There are 2 protein chains.
Amino acid sequence: MRRGEPDTAPNGRPDAPGGAATRPPSQADVAALAGVSSQTVSRVVSGRAKVEEATRRRVVDAMQILGYRANTAARALATGRFHTIGVLGFTFGAHGNARTLQAISEQAQDAGYSVTVMTVRRHTEGALREAVTALGDQAVDGIVLIDPQILDRPGLELPTGVPVVISDGNPDRRYPSVNNDQTAGARGAVDHLLGLGHRTVWHLAGPRDSYAAQQRAAAWHAALKAAGVPIPPIVYGDWSAQSGYEAGRAIATAGEATAVFAANDHMALGLMRALDDAGVSVPGDLSVVGFDDVAEAAFFKPPLTTVHYDFEQLGRECVSLLLRLIAEPSADARVAVAPTPLIVRGSTAPPPSRAGGSGRH
Amino acid sequence: MRRGEPDTAPNGRPDAPGGAATRPPSQADVAALAGVSSQTVSRVVSGRAKVEEATRRRVVDAMQILGYRANTAARALATGRFHTIGVLGFTFGAHGNARTLQAISEQAQDAGYSVTVMTVRRHTEGALREAVTALGDQAVDGIVLIDPQILDRPGLELPTGVPVVISDGNPDRRYPSVNNDQTAGARGAVDHLLGLGHRTVWHLAGPRDSYAAQQRAAAWHAALKAAGVPIPPIVYGDWSAQSGYEAGRAIATAGEATAVFAANDHMALGLMRALDDAGVSVPGDLSVVGFDDVAEAAFFKPPLTTVHYDFEQLGRECVSLLLRLIAEPSADARVAVAPTPLIVRGSTAPPPSRAGGSGRH
DNA sequence: ACAGTATGAACGGACACTTGA
DNA sequence: CTCAAGTGTCCGTTCATACTG
């Protein structure tokens, strides 16, 4: 039914009859109704040029009547700008990413940008290429990479020509990144525990391929080294409470640790549960510190001492930086990092006194 | 630098010199390089028409060399299809919505669709209109409404002309919806508790404006009524653990309840924490059932008995239905609901024996 | 007549330039 | 000469149709 004058209603006013709407109203329709040229409609819409007030009103009224909405595709085609940013990640279902995405969405919306989410499947080769391809199909003005380890994927090629900002990523790479101060957070956790008198602090780390996990582990290591205390082996989890539980069983069995710094709150929860099952009291026998400060952490039993992480600010800063780079590709990419204060609750205490014996088994 | 022949390189091959890429390659560029017409390139891209194999190869090679990506805006303009679905909600940072969004994203991607997230701010009038306007700006082929109470907003007008599917929404409304079986889930929770011998079951509900919360509360009410047991007053929370904690204090103070069905796991967590603080043992003195079955619920103390909720299936079904409606607006909107089985863990038990006295204060 | 290929008009909006008071 | 409004071209694709060997 494209260009056929015979079988279609005249282009001028396609939805006049009460039937199904043929197509959305265009600038031309508005112009016709308002008795002006479509150029004038464009002026009114963009607000970038002078239009006489009376004319403007007529146009606005016509838009109202017809229910005119600008066609983003046409606008994007003409301007080369999509007013859309893409967010690329493994998953948006996980706590931290979800909060970051929400902040990104709000900040982008305030700036008049839409947000397109692009999921990279963890385990399929093809899907990876697909997601990135879609992102490269000239549909976004910029990209926030929310799971930076995606960059380690072989065969990955981020689209060139659009700016990319990495959320919580490796600053050594070729893209600018926005980071909360994970190092300070981890150090704060370790120092808190050492300050309570613990001889050393164990670490329940996130997965090896996570940059955030690596950073936290490195900061933990550095803090112990700086304090000159022995460095226990790292125990690895996968961010899940389940993995924390398994780690907790191992730690309880080993029976050496008096303090554990977990790389996120969910693992800390599983850890505490395993310790409880093993008859190890938290914080009486063993102190636990988490990371993230999820809203539930204060209601764990015991309430979890944890490092507060500001995902919202992270997301907002990513958008700010990205929009700056979109407007001015050579813009300064410095970004202020958000602090990561330690929230002390009930899961940490001085180690059990030597006098009382370590005999908790 | 638009149409000026004088000050611009000839349109034919703008990025030939090694300088900064002027603009992405177009079909015309590919066609020129391959020595065919751009129409032939279009055919190769769409695969919808016969092209001689040798020609096809030349075109594909040319696309490779130039790094050609189809311009989605131009395609959308020409076809009227955006291959994008919009997801509209209050927040994607909350647990359930985040998981649903992730499932939507994956399912949409598999079908070749992008996903645009549109956040409606809870408390600003203007922003609401803005979000919906953006969504209505002819940029999506369909919408999944993930927070159906958005529909209750005064002045809200969802764009017409694109199909809308509601996730977990009121089926009485004008849009088709996909629902997990919340009613069965809530009934299962209540029946489980009554089956354990509790005289009645209290309900810690979600916020009044949430349709999901309403449905769970209604099912709880119906189950009690069907059992012919007394119906305690509803206690309201806001989904947060904090609100669960406050409710828990009130319930502990009242001292009447022996069983509480909480409308989500996070409130159940706060509830249990408050009970513990008040010296009420769970499940010894009081049983608690949650709703959602978050991954952490098994690691609460005690492990939470809860109704399992399949957000992933919910999201997938929403996309399936929406794509069906996009392809065929009059398609059948029936959708199979996912079961919501009760997962029995450690937070439920028979009520304290009357003999032992109810005297826990 | 047949198989492939070339042609040119939309799609809706933006913008440089032009025209009318 | 200023300022509001109009004209015409182009953005990159798709699709119907005309063309060619």
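The analysis underlying the following values was restricted to heavy atoms, covering all of them including side chains, and did not include hydrogens, waters or symmetry mates. Worth saying up front: this structure is predicted, and the values here are computed from it rather than measured. Just so we're on the same page: letters track the sequence lines, and every chain starts at 1.
The distance from atom OH of B/Y113 to atom NE2 of B/H83, rounded to the nearest 0.5 Å, is 4.5 Å. Taken to the nearest 0.5 Å, the CZ atom of B/F82 stands 5.0 Å off from the CG atom of A/N71.
Here the nucleotide nearest the side chain of A/Q27, chosen from C/dA14, D/dT14, C/dG12, is C/dA14. Of all nucleotides listed (C/dG12, D/dC15, D/dT14), C/dG12 comes nearest to the side chain of A/N71.
Between the CG atom of A/L77 and the C1' atom of C/dC11 there is a distance of 9 Å, rounded to whole Å. A/D29 has its CG atom 9 Å from the P atom of C/dG13, to the nearest Å. In this structure, B/Q39 places its CD atom 9 Å from P of D/dC15, rounding to the nearest Å. Taking atom CZ of B/R81 as the reference point, atom C1' of D/dC15 lies 16 Å away to the nearest angstrom.
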I'd like a list of close polar pairs between nucleotides 3-5 of chain D and the protein, N/O only, cut-off under 3.5 Å.
{"unit_1": "D/dA5", "atom_1": "OP1", "unit_2": "A/T55", "atom_2": "OG1", "d": "2.4"}
{"unit_1": "D/dA5", "atom_1": "OP2", "unit_2": "A/E52", "atom_2": "N", "d": "2.8"}
{"unit_1": "D/dA5", "atom_1": "N7", "unit_2": "A/R43", "atom_2": "NH2", "d": "3.0"}

Review item, nucleotides 18-21 of chain C N/O atoms under 3.5 Å of protein N/O:
none

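B/V44 places a side-chain heavy atom less than 4.5 Å from the side chain of B/V60.
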- request: For the pair B/T116 and A/S114, evaluate side-chain hydrogen bond (donor to acceptor under 3.5 Å, both in side chains) and give the outcome as yes or no after the intermediate values.
  value: CA-CA 7 Å; B/T116 293; A/S114 294; 5.8 Å; no

Please tabulate, for side-chain N and O atoms in residues 312-323 of chain A, each donor-acceptor pair with protein atoms closer than 3.5 Å (sequence neighbours left out).
{"unit_1": "A/E312", "atom_1": "OE1", "unit_2": "A/R99", "atom_2": "NH2", "d": "2.9"}
{"unit_1": "A/E312", "atom_1": "OE2", "unit_2": "A/R99", "atom_2": "NE", "d": "2.9"}
{"unit_1": "A/Q313", "atom_1": "NE2", "unit_2": "A/E317", "atom_2": "OE2", "d": "3.3"}
{"unit_1": "A/S320", "atom_1": "OG", "unit_2": "A/Q107", "atom_2": "NE2", "d": "3.4"}
{"unit_1": "A/S320", "atom_1": "OG", "unit_2": "A/R316", "atom_2": "O", "d": "3.0"}

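Every residue meeting the side chain to side chain contact (heavy atoms under 4.5 Å, CB included) condition with A/S46, not counting sequence neighbours, appears here in chain and number order: A/R48. Evaluation of the side chain to side chain contact (heavy atoms under 4.5 Å, CB included) rule for A/Q64 yields no partner, not counting sequence neighbours.
Within the 3.5 Å criterion, the main-chain N or O of B/S26 finds a donor-acceptor partner in the side chain of B/D29. In this structure a side-chain-to-backbone donor-acceptor pair under 3.5 Å is missing from A/R324 to A/A331.
In this model, the phosphate group of D/dT14 is not approached by any side-chain N or O of B/T79 to a distance below 4.0 Å at OP1 or OP2.
Summarising the geometry of A/S167 relative to A/T100, their closest heavy-atom pair is OG-CG2, 4.2 Å, with the distance given to 0.1 Å. Contact between A/P176 and A/L325 at its shortest, heavy atoms only, is CG-CD1, 3.7 Å.
Axis angle between the ends of the helix from C/dC2-D/dG21 to C/dA21-D/dT2, five pairs each and rounded to 10 degrees, works out to 60°.
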